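Data block below; observations after.
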Amino acid sequence: MIFMAASPPCTPTPSLLRMSRISRAFGAQQVLREVDLELAAGEVHVLAGENGAGKSTLMRILGGALAADEGTIAIEGRPVRFRRPRDARQHGIAIIHQELSLVGPMSVADNLLLGHEPSRAGWIDRRAALGRARGALERVGLRLDPRRPVGSLPISSQQLVEIAKALSLGARIIVMDEPTSALSEPEVRRLFARIADLKSQGCGVIYITHRLEEIYALADRISVLRDGGLVATRAAHELPAGELVRLMVGRSIGEQAPRRPSSEGEVLLCVRRCRVRAGAAGRRPVVEDAPLEVRRGEILGLTGLEGAGVSEVLWALFGALGRRAEVEMEIDGRPARPTSPRAAIEMGIALVTNDRRRSGLVLSMDVVENATLAALPRLNPLGWLRRREEVAQTARIAGQLRLRCASLRQCVSTLSGGNQQKIVLAKWMATDPRILLLDEPTRGVDVGAKHEIYLLMNEWSARGCSIILSSSEWPELLQVSDRIMVMHRGRVAALFRGGQATAADLLRAAMGHAADE
Amino acid sequence: KKTSSNSANSDSKEQGAAAPAAKATYTIGMSQCNLGEPWRVQMNDDIRRAAEAHPELKIIFKDAQNDTLKQRSHVEEFISAGVDLIIISPKEAQPLTEPVAKAMQAGIPVIVLDRRVIGDNYTCFIGADNRLIGREAGKWIASVLGGKGNVVELKGLMTSTPGQDRHSGFREAIKDSQINIIFEADMKWLEPDARKEMESALSRFDQIDLVYAHNDPGAHGAWLAAKAAGRADKIKFVGIDALPHEGVLYVTQGILDATFQYPTGGAEAIDAALKILRGESVPKEITLGSRVFTKENVDSGGEPIG
Amino acid sequence: MSEGRTEESEAFAAAPRSTTAPLRALLASPTATALLALCFVLALGFLFSGDGAFHKWTTHRDALRQASVYGILACGMTFVIITAGIDLSVGSVLGLVAVTFSTLSIHEAWPPWLAVPACLALGGACGAASGLVVAKWRIQPFIVTLAMMVFARGLAKTLSGGMKVSTAVQQADGSWTAAPVPGIFRLIDSRLLGDNVSVVSLIFLSCIVLSWIILSRLRWGRYLYAIGGNEEAARLSGVPVAAMKVMAYALAGVFAAVAGLCQAAQEQQGDPEAGLGYELTAIAIVVIGGTSLMGGRGGIGLTLLGTLTIGYLDKILSVNAVPEASRLMLTAVIIIAAVLLQRRNH
Amino acid sequence: MSEGRTEESEAFAAAPRSTTAPLRALLASPTATALLALCFVLALGFLFSGDGAFHKWTTHRDALRQASVYGILACGMTFVIITAGIDLSVGSVLGLVAVTFSTLSIHEAWPPWLAVPACLALGGACGAASGLVVAKWRIQPFIVTLAMMVFARGLAKTLSGGMKVSTAVQQADGSWTAAPVPGIFRLIDSRLLGDNVSVVSLIFLSCIVLSWIILSRLRWGRYLYAIGGNEEAARLSGVPVAAMKVMAYALAGVFAAVAGLCQAAQEQQGDPEAGLGYELTAIAIVVIGGTSLMGGRGGIGLTLLGTLTIGYLDKILSVNAVPEASRLMLTAVIIIAAVLLQRRNH
Ligand SMILES: Nc1ncnc2c1ncn2[C@@H]1O[C@H](COP(=O)(O)OP(=O)(O)OP(=O)(O)O)[C@@H](O)[C@H]1O
Ligand SMILES: Nc1ncnc2c1ncn2[C@@H]1O[C@H](COP(=O)(O)OP(=O)(O)OP(=O)(O)O)[C@@H](O)[C@H]1O
Ligand SMILES: [Mg+2]
Ligand SMILES: [Mg+2]
C-alpha cells in the first residue's frame with residue numbers, strides 16, 4: 001500500500017493544477033519525496049497526513065514561498081515556475097497559510113488588501129479600499145470595524161480575516177491549510193458555504209485538516225501524505241475513515257477518544273468570582289462573571305463563540321491579565337490569588353494558550369529550551385542549569401507525545417505546526433501541574449497525536465488533576481469532558497453533563513438562547 | 001572710533017546696546033565653541049576669574065558643543081537679548097563671519113578670541129598664532145636633536161585649523177634638517193588614541209628620538225605608551241598648550257621635555273572688553289605671545305618665544 | 001525594544017478601540033501624546049523664557065531653523081525605522097554631501113541646477129547601497145549602515161583633503177580673503193515672508209509633506225509598514241520586500257543629502273566633520289515622536305512633533321544659558337519626563 | 001533588523017544544504033563564521049604587517065590591551081541585546097566612573113577596597129535605573145538609555161567641574177604640584193606573566209568568563225534569551241520579565257564601570273569626556289560577532305570574537321600608519337567583507 005502509484009481517476013472536469021514529482025529537503029531531512037498532486041476545477045481535494053508529513057511544505061512550494069528541489073508545477077496544462085509568492089498570486093493561486101500571516105499593527109482593511117490595494121498610479125483609493133474590505137468581511141460574516149488593528153482581534157477573528165483575504169483575491173486555486181483550527185462551529189459552517197460557492201464557480205480547493213468529520217463533509221478526493229511521500233489518492237467515497245487513518249498513521253486507532261471512568265473526587269478548584277475588565281475604559285467587561293468548580297480528576301469543558309471571553313477566563317485564572325482581572329478562588333478549599341503566571345505555576349496551575357506562536361513558544365529557542373522553560377526553577381533549584389537532566393526529561397516527554405523532529409536541538413520555528421503544539425504541551429507536562437487550563441490544546445494536531453493527548457488528559461485526571469478544556473471543536477468537547485460550561489458575552493450561559501448534551505444544545509446556549517440545564 | 005560707531009547706530013536698533021558709557025553694569029555674552037577640551041574650559045575660567053575683579057561685569061557663558069550652527073544662533077540670541085558686548089571663540093572662521101557682522105551692525109562690539117573670522121568686521125581679535133608656535137616647536141626640536149633624528153608626530157584633528165597650523169609650522173621649521181618623521185598619525189587631540197598610535201610606532205621602530213604631539217594630553221599618552229614599553233627615558237616628548245595644571249606640570253614632573261604655551265587670552269579679552277565698554281580704543285589685533293617651558297626654565301616660569 | 005514585542009498582549013489589553021469612547025481613543029492616540037510632550041516642553045519655555053527671549057518670534061524662527069537640519073534627517077530615518085531598520089549613516093552622508101556641494105558650487109562653479117541634483121543622487125546612492133546589502137544579503141542594518149557611516153566620513157575627508165571647503169583663501173601672510181559665496185548658498189540661507197521664516201525651515205516642511213504623501217497616501221508607504229510589521233507576511237502577500245527596503249534606505253540617503261545642502265549653505269562651507277553624531281539625534285527625534293524601533297508603527301506627523309520637541313528643548317536650554325553640565329542632565333530629565341507623559345496616556 | 005524576523009523564511013529560502021550534515025552544520029554555526037571573520041582580519045594583518053611589527057608578540061599584547069575596554073563594554077551590552085534591548089549609556093557611564101574613581105582614589109585618598117566597590121555600585125545603579133524605566137513603564141530602551149547617556153555625561157562634568165581629574169593639585173599660592181599616582185592605577189595598568197599580558201586584558205577575559213557563566217550556565221541566562229525571543233511567552237512561562245530586564249541593564253552598567261576603572265587607570269586621570277562614542281563600538285562588536293539586535297540569539301563567545309576582530313582591525317590600520325581618511329574607508333570595507341563572509345556560510 002505504501003507508494004501505490006498515484007494515477008488519479010480520470011475526471012470529466014479539466015485538470016486545473018498538476019504538481020509532479022515534487023521533492024524538498026531541509027538539510028539532512030528529506031521532507032517531500034516525489035509527490036504528485038492533481039486538482040480539478042470545481043473540486044475540493046483534501047490533503048491529509050500526520051503532523052510533519054509535509055502538507056504545509058508542499059503548499060508553500062505551490063504558493064511560491066519555498067523552492068522545490070525537484071519537480072514541476074503545471075496550471076491548466078501550462079508549466080509554471082514560481083520564484084516569489086507574487087508569481088503564484090498572479091497565476092491565480094491564493095493560500096491560507098497554516099500559521100497566520102497577518103501584519104499585526106496594520107488595520108484589518110489594510111491587511112485584507114495588502115499587495116493588491118485599489119490604487120491609481122500608486123495613489124491608494126482609500127474609499128474604494130474600505131468598501132472592498134467591508135465586502136470581504138461580509139462574505140465570511142465577520143462584523144467589525146475594518147480600521148481596527150488586526151493584532152487586537154481574537155485569534156478566531158484573525159483566522160476569518162485571513163480567509164476573507166484569500167477569498168478576496170478572486171483566485172482559481174485556493175489552498176486552505178487548517179483554516180478551521182481556530183474557528184467555532186457556526187464560523188466553520190459559514191466557511192463551508194463559501195467553499196460550496198467556490199466549487200460552483202469552478203474554482204479548485206485544496207483543503208488541509210486533521211478533523212475527520214470535516215474531511216468527509218467536504219472532500220471530493222483525498223490524498224494522503226506520510227513521511228513526505230504520497231501514500232494514496234482516492235475519491236472520498238472510496239476511502240472509509242478507518243482506512244484513511246490507517247493510511248495516515250500507518251497503524252489503526254480507535255476513532256473515539258477512549259471512554260474514561262469519570263471520577264467524582266472532591267472540589268479542587270473553586271472560582272467564586274471572575275471578572276475581567278476590557279482594556280479600554282468605559283467598555284463592557286470581557287468577562288462579567290464566570291463562577292465555576294472543578295473536581296479532582298474532572299475535565300470541565302468550556303466553550304463559547306468568538307469573543308465570548310473563554311480565553312480571558314483561562315488567562316484570568318492563570319493570573320496573566322494582571323489588574324484587569326478580579327478573581328476570587330480557592331484551591332483545596334484554601335483561598336488562592338494568582339497575581340502572576342509565576343505565582344500560578346507555583347500553585348500548580350498550567351495554561352496552554354490558544355495561540356502557540358504568539359504566546360506559547362519562544363521560536364528562537366530549540367526544543368529542549370522551550371520544553372523546560374516553565375520548569376527551570378524545579379529542574380535547577382540552585383539556578384545552575386543541569387543540562388543533562390534537561391535533555392533527558394525532554395527526550396522522555398517527547399517520546400510520550402510522539403514528537404517528530406530532526407533533533408532535540410532543532411529550532412522550534414522549523415517544526416511543523418502540530419509538532420510545535422506538542423512542544424507547548426511538553427512544556428507544561430514538565431511542571432507536572434495539578435490544574436490544567438487548556439485553550440484549544442488539540443489545535444492543528446493530527447489524529448494520532450490527538451489520541452495521545454486525550455490519553456494524556458485521562459492520565460492526568462486519573463492522577464487527580466483538574467482540567468479545564470476550552471475547545472471550539474465541539475465533538476471533541478462532547479467526547480472528553482465530564483461537564484460542559486457554555487459562555488455567552490462574558491457570562492455562563494449553560495452547564496451540561498458530558499454524556500447528555502448535543503452540539504445543537506451547545507450552539508443554542510452559545511448563541512444566547514435560554515438553554516435548559 | 002569703534003565706540004562712536006556703536007552709539008551711532010545703537011539708537012536705530014530697537015534693542016541694540018545702549019551707549020556703553022551710560023551704563024553702571026554691563027552684560028557680556030561669551031560663546032565658547034566647545035567645552036570638551038580642557039584648554040577651552042581654562043579659557044572660560046580665565047575670563048571668569050578676570051571678570052570677578054570687576055563687579056560691574058555680568059557674563060553669560062554659552063557652549064556650542066562643537067556645532068557652528070549652534071554657535072551662530074548663540075550670537076543671534078545675544079543680539080536679541082541686547083547684550084553690551086560679545087566675546088566669541090569661534091569654531092569656524094567662515095560660518096561665523098556673518099553673524100559677527102550682524103552683531104556689529106546691531107551696535108554690539110565683538111571680541112573674537114583664538115580663532116579668526118574672515119574679513120575685519122569685528123571690534124578686536126585676540127589670539128595666538130598656531131603656525132608660529134608650530135614653527136618654534138620645530139626650531140627647538142631641531143636644536144635639541146642636533147638637526148637629525150627620528151621623530152613621531154601625533155597630530156591633532158587634522159580637519160581643524162589648529163591641527164593644520166601646528167603641523168605645517170612644524171614642518172616648515174624642520175624641512176631643511178635631517179630630521180625625518182618616521183611615523184605620523186591623527187590622534188584627534190585624544191589621550192587614549194595618542195597612546196594607541198604611539199604603541200604602534202614603538203612596536204614598529206626601535207629607534208625613536210622624539211615625539212612631537214599637537215597637544216599635551218597627546219604627548220602624555222605617548223609617554224605612557226613609551227613608559228609601558230620601558231623606552232620612555234630614551235625618547236623626548238614635546239607638547240603644546242602648557243596649561244599650568246597639565247603641560248607645565250608634566251614638564252616639572254619630567255614627563256615632557258618641553259611644552260609650548262598656547263595662551264587662552266581670557267584675561268586679555270576682559271581687559272579689552274572693559275576698554276571698549278568705557279569707550280577707550282583698543283588695537284584691532286592683539287597677538288598673544290607664547291612661552292616655552294623646559295626642564296631648565298619651568299621653575300622660572302618659562303621663556304617667551306617668537 | 002520590549003515595546004514592539006509586547007504590543008500583542010497590549011492589544012489584548014486594549015480590546016476593540018475606536019468603536020467606543022472616540023474622545024478617549026483620540027487622547028490615547030500617539031499623535032495626541034506626542035503633542036502633549038511638545039506642549040510640556042513649550043510650557044517650560046514660557047516658564048523660563050530667558051528674559052522674555054522666548055516670547056519673541058525671532059527666537060522661535062531660529063529654533064525652527066536650528067531644528068530643520070535634524071528634522072530633515074529624521075524624515076528619512078522615519079522610512080527606515082518603519083521597516084524595522086535603522087540608518088546610522090545619515091550624519092556622515094550629510095557631511096559628504098556638504099563637502100561635495102561646496103566643492104562643486106564654490107570651486108568647480110557648477111550651476112545649482114546641476115550641483116543640487118548631483119548631490120541628491122550621491123546621497124541616494126549611498127542609501128541605496130546600504131539598502132541593497134541589507135535587503136539582498138540580509139545583514140543587520142545596524143552594522144551595514146555603521147560601515148556606510150564610517151565610509152562616507154572617510155570619503156568626505158578624502159574629497160576635501162581633510163580641510164574645510166570654504167570660500168576662504170589663506171594668503172601667504174596668513175591673512176584670509178574670501179571668494180564670493182555662491183548664490184544658491186545665500187538663497188538657502190535666506191529668510192522669506194518678511195524675514196519671518198528661514199528657507200531651511202520651509203525645506204524641512206516640504207520634506208515632511210513629501211514623506212507624508214509617500215507614507216500614508218501611496219502604495220509604497222503601505223508596503224513599508226507591512227514589511228516592518230511582519231516581513232514574512234508581507235512577502236507572502238506579494239510585497240516586493242527587497243525593492244521596498246532599498247527604496248527606504250535610498251530615501252533616507254536623499255533626505256540626508258538635502259540636509260547636507262542646507263548645512264553647507266548655512267555654514268557657507270563644506271566641513272568634512274559636519275553631521276558628526278547627528279544620526280543619534282535624528283533617531284531620538286523619530287522615537288520620541290512615538291514611532292517604534294520595532295517597525296510597522298508610527299508616522300511622519302509624529303516625526304514632525306518629535307523634531308519640534310527636541311528643537312525647542314535645545315533652544316530653551318540655550319536661551320537660558322544653562323551651563324554645559326546642568327544642560328545635559330536637564331535634557332535627560334526632560335526627555336524622560338516627556339516620554340513618560342506619552343506613556344501615561346496609553 | 002530583518003534578520004530575526006525572517007529567520008524562518010531564510011531557512012526556507014535556503015537551497016537544500018547538502019547532506020553532510022554535522023560538518024556543514026558546524027561550519028555554518030555562528031561561532032565558526034565569526035571565527036572566519038576574525039581569521040580574515042588576522043590574515044590581512046600578516047599580509048600588511050607594518051615592517052613585521054605584526055609578527056611581534058608585543059603588538060598583539062597591545063592590540064589586546066586596546067581592545068579590552070571596548071570588549072568589557074561589549075560584555076555588558078551582550079546581556080542587554082540578548083533581551084532585544086540596547087544600551088547607549090555605557091560610554092557615558094564609563095566616563096562618570098572614571099571621574100569618580102579618580103576623585104576618590106587620588107583626591108579623597110579612598111583605599112581601593114572601598115573605591116572600587118563604590119564605583120561598581122555607581123555603574124550598576126545607572127544601569128538599574130535605565131532598566132527600571134524600560135521594564136516598568138515599557139519605554140523603548142533606545143530613548144531611555146539615550147537619556148541616561150546624556151545624564152551620566154552631565155553628572156561626570158558636574159563632579160569634575162568640566163576639568164580632567166588628574167594627579168595635579170593646586171597649592172594655596174595657585175601653583176600646581178603632582179600627587180602620586182595611586183597604586184591601584186599602577187596595578188591595573190601593569191603587566192603580568194613576564195610582561196606578556198596586560199592586566200586590563202586579564203580583566204576583560206574574566207569578564208568574558210563571568211558573562212559566559214551567567215548566559216549559558218545559569219537559569220538567569222536562559223531567561224534573558226527567552227525574554228529576547230518572545231517576551232509574552234516568557235511571561236506566561238513564569239519568567240520574572242521585569243526583574244530580569246533590570247538585571248540585564250544593571251549588569252551592563254557594572255561592566256561599564258569596570259571599563260571605567262580600566263580607562264582611568266590607563267589614562268592616570270578621570271576625563272569627563274572619556275568613553276565618548278564607545279557605545280557604538282561596543283554595539284558594533286556584539287553585532288559583528290553575530291548576536292542579533294532582535295534579541296533571543298547570540299552569545300558571549302561571539303562577543304569575544306567580535307572584540308578581537310574589531311580590535312585587530314584597528315591595530316592593523318594603526319601599525320601601517322594608514323592616514324585617517326583612508327583608514328575610515330578601509331574599516332568600512334573590511335567590516336562589510338567580514339560580515340559578508342559570515343553571511344555566505346549561512
Ligand atoms: N524551515 C525548516 N527547516 C527545517 N525543517 C523544516 C522546516 N520547515 C519544515 N520543516 C520540517 O518539515 C517537515 C514537514 O513540515 P510541514 O509543516 O510540512 O508538516 P505538516 O504536514 O504541515 O504538519 P502539520 O500537520 O503539523 O502542519 C517537519 O518535520 C518539519 O520539521
Ligand atoms: N493569545 C491571545 N493574545 C492576546 N489576546 C487574546 C489572546 N487570546 C484571546 N485574546 C483576546 O480575547 C478576546 C476574546 O477572544 P477569545 O479568544 O477569548 O474568544 P473566545 O471566546 O476564546 O473564542 P475563541 O477562543 O474560539 O477565539 C479578544 O479581544 C482577544 O483580543
Ligand atoms: Mg502544516
Ligand atoms: Mg478561546
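The sequence lines fix the lettering, A, B, ..., with proteins before strands; numbering per chain opens at 1. This is a predicted model, so every value here is computed, not measured.
In this structure, the portions of B:L69 lying under 4.5 Å from any heavy atom of chain C include both its backbone and its side chain. Heavy atoms of B:L96 lying under 4.5 Å from chain C are absent altogether. Heavy atoms of C:Y278 lying under 4.5 Å from chain B belong exclusively to its side chain. Only the side chain of B:E77 comes within contact range of chain C, with at least one heavy atom under 4.5 Å from a heavy atom of that chain. Within the 4.5 angstrom heavy-atom criterion, atoms from both the backbone and the side chain of C:Q268 approach chain B. Residue contact with chain B, scored on non-hydrogen atoms closer than 4.5 Å, involves the side chain of C:V181 exclusively.
B:K91 and C:E267 are not joined by a salt bridge, as no carboxylate oxygen comes within less than 4.0 angstrom of a charged side-chain nitrogen. The residues C:R65 and B:E76 are annotated as salt-bridged, a charged nitrogen and a carboxylate oxygen being separated by less than 4.0 angstrom.
Put simply, OG1 on B:T68 and CG on C:D271 are 7.0 Å apart, with the number rounded to the nearest 0.5 Å. In this structure, CZ in C:R327 is found 5.5 Å from CG in B:D63, a value given to the nearest 0.5 Å.
The two residues B:P95 and C:Q269 have their closest heavy-atom pair at CG-NE2, 3.6 Å.
Contacts with chain C were tallied for B:K70, B:R72, B:Q32, B:Q164; B:R72 has the most, counting heavy-atom pairs under 4.5 Å. In terms of heavy-atom pairs under 4.5 Å with chain C, the best-connected choice from B:M158, B:K62, B:H74 is B:K62. Of the listed residues (C:Q266, C:K315, C:Q263, C:K157), the greatest number of heavy-atom pairs within a distance under 4.5 Å of chain B belongs to C:Q266.
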